Amino acid sequence: MNWIAVVILVAVGLHYLIDCIADYLNLSVLTPDVPDDFTGVYNPERYARSQDYLRIQTHFNRLVVTFDLLVFLGFWFFQGFAWLDQWVRTGLGLGNAPVLAGIVYIAVLMSARALLTLPFSVYSTFGIEARFGFNTTTWQVFLMDRIKIVVLAALIGIPLVAAILWFFEHAGGFAWLWCWLGVSVFMLVMQIIVPAWIMPLFNKFQPLEAEDLKTAVMDYARKVDFPLTNVFVMDGSKRSAKSNAFFAGFGKRKRLVLFDTLIENHPVSHIVAVVAHEIGHYKEKHVLRGLVLSILQAGVMFYLLCLFVSYEPLFQAFYVQMPSVYAGLVFFGILFSPIDFFAGLLLLAYSRHNEYAADRFAAETTGSPQALADALKQLSVDNLSNLTPHPFYVFLHYSHPPVKARVDALAGLEA
C-alpha cells in the first residue's frame with residue numbers, strides 16, 4: 001500500500017466518521033415540542049411524524065452509505081479494478097483501442113454500482129416514502145424512469161467521456177484546457193437542452209390555466225422587471241406528494257415551473273412569494289454566479305486530472321500495472337471525491353447565503369415577508385421537514401438554511 005492509497009483511505013474514513021457524527025448530533029437534538037413560530041401550523045401529531053421520518057431516513061441513508069463504502073473497499077482490495085482492466089484489455093481485446101476500452105471500463109463500473117444500489121432505491125420509494133404518504137410512483141413509472149436514465153446516459157455520457165479520453169490520449173499537456181473548454185460549452189448547452197427536451201421525457205408540462213394565479217404571477221414579474229413569458233404546471237404528483245417550484249433554462253429560454261401539488265395545497269399569496277424567491281436568485285445573479293463557479297471548478301478538476309492521469313503511484317494504489325487514461329480518470333475521481341466534499345463546504349455556505357438574499361428580495365418586492373414565511377411553514381409541513389437540525393449537520397449538508405432560521409430572518413424584516 002503506497003502513500004496515495006493511505007491518503008485515500010484516511011480521507012474516505014474521515015469523511016465517513018464525520019458524517020456519522022453529524023447524523024448522531026442531528027438526531028440527538030430532536031425534541032417533541034413544536035417550535036413556537038410553527039404552533040398552529042405543525043400539529044403535534046404531524047410534527048412527531050416528521051421526526052419519525054427523519055430518524056428512518058437517517059438510519060437508512062447510513063445503511064446505504066456503509067454498504068457503498070464496504071463494496072468499494074472490497075472491490076479495491078480484492079483487486080477488482082485491476083481485474084476489470086485486464087478483462088477489458090485482453091478478454092475483450094480492446095488493448096489497442098484505448099477510447100473504446102475506457103468507455104467499456106467506465107460503463108461497467110457505473111452499471112454495477114447502479115444495479116447494486118437499485119434495491120435501496122426501490123425500498124426508499126416503495127417502502128419509506130410510501131409509508132409516510134409521499135410516494136405516488138407506480139412500478140411502471142419507476143421502471144420507465146430507470147430505462148430512460150440509462151438511454152440518456154448512453155446518448156449523452158458516452159460521447160462526452162469519449163471526447164475527454166481522446167483529448168487526454170492525443171492533446172498532450174493542453175488536454176485539460178481543451179476538455180475544460182468543451183465541458184464548459186456542454187454545461188451551457190445543457191441549460192437549453194434539459195428543459196426543452198429532457199425534462200419532458202419524464203414529466204408533462206402544461207401551461208398554467210388558473211387565471212387568478214397566472215395573473216398574480218405575471219403582474220409580479222412585470223413589477224420587478226423580470227421577463228417571464230411562460231408559466232408551466234408540472235405533474236409532480238406523478239411521483240411524489242411533495243411540493244416545489246423552480247426555474248428551468250437560461251436566458252430568454254427560462255421557464256417557471258410549478259408543481260401541481262404546490263398549486264393544490266397553497267393559496268395564491270404563498271405561490272407568488274415562492275416565485276418571488278426564485279426570481280430573486282436571478283435578479284441577484286445567483287444563477288449566473290453558480291454557473292461560473294461550476295465552470296471554474298471544472299477547470300481546476302481537469303488541471304489536477306492532467307497532473308495525476310499518468311501518475312504511476314495512483315495506479316499502483318489500485319493494483320493496476322499498466323497505466324491508462326481511462327483508469328486514471330476513474331482513480332482520480334476517487335482521489336478527488338473526498339477533497340471535493342471538503343471544498344464543497346464553502347459552496348454550501350455560499351448557497352445558504354444566497355437563499356437568505358433571495359428571501360430578502362422576495363419579502364421586499366412583494367411587501368409581505370409574512371407571505372413567504374407562511375409558505376415556508378406550510379411547505380415544511382407538506383414535506384415533513386426537520387425544523388431544528390443540528391448546526392454541524394447544516395454546515396455539512398444543507399444548501400438551504402433550516403426553515404426555522406429562514407422564518408426567523410423574515411420576521412426580522414417584518415419588524
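Keep in mind the model is a prediction, meaning the values are calculated, not measured. All values below come from the heavy atoms of this structure, side chains included, with hydrogens, waters and symmetry mates left out. FYI, the numbering just counts along the sequence from 1.
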- prompt: So, for W180 and F302, is the gap between ring centers shorter than 6.0 Å?
  reply: no
task: Could you give me the CA-CA distance, side-chain angles and deciding distance for T365 and Y220, then say whether side chain to side chain donor-acceptor pair (under 3.5 Å) is met?
output: CA-CA 9 Å; T365 54; Y220 171 78; 2.6 Å; yes
message: I'd like to know if the side chain of S385 reaches the main chain of L387, judged simply by a donor and an acceptor atom lying under 3.5 Å from each other, with no hydrogens or angles considered.
response: no
- prompt: Is the shortest side-chain N to carboxylate O distance from R239 to E129 below 4.0 Å?
  reply: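 No, this pair does not count.
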Close side-chain approach of Y282 to L288, heavy-atom, < 4.5 Å: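 Y282 vs L288: side chains apart.
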Would you say [Y] and [X] are linked by a side-chain donor-acceptor pair, where the criterion is simply a distance under 3.5 Å?
X	Y	answer
Q51	N386	no
D374	Q370	yes
H266	D382	yes
N26	H397	no
H281	E355	yes

Option from F318, F336, F308 for which ring-ring contact (aromatic ring centres under 6.0 Å, His included) with F331 holds: F318
- request: Describe, in one word, how the ring planes of W178 and F167 are oriented to each other, choosing from parallel (under 30°), tilted (30 to 60°) and perpendicular (over 60°).
  value: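 If you compare the ring of W178 with that of F167, the planes turn out parallel.
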- request: Quick one: sort the F38 and Y42 rings into parallel, tilted or perpendicular, breaks at 30° and 60°.
  value: tilted
query: Can you check side chain to side chain contact (heavy atoms under 4.5 Å, CB included) on K204 and K238, steps first, answer last?
result: CA-CA 9 Å; K204 292 181 180 179; K238 179 180 180 180; 5.9 Å; no
query: Step by step, would you call Y53 with F134 a ring-ring contact (aromatic ring centres under 6.0 Å, His included)?
result: CA-CA 11 Å; Y53 182 58; F134 290 131; 5.3 Å; yes
query: Within 45° of the axis and under 6.0 Å from the centre of the six-membered ring of F226, does NZ or CZ of K283 qualify?
result: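 Ring-cation test returns no.
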Per-pair distances, 0.1 Å, donor-acceptor, side chain in residues 60-76, under 3.5 Å, sequence neighbours excluded:
from, atom 1, to, atom 2, distance (Å)
N61, ND2, Q57, O, 3.1
R62, NE, D23, OD2, 3.1
R62, NH2, D23, OD2, 2.8
T66, OG1, Y16, OH, 2.5
T66, OG1, R62, O, 2.7
D68, OD1, R113, NE, 3.3
D68, OD1, R113, NH2, 3.3
D68, OD2, R113, NH2, 3.0
W76, NE1, A317, O, 2.8

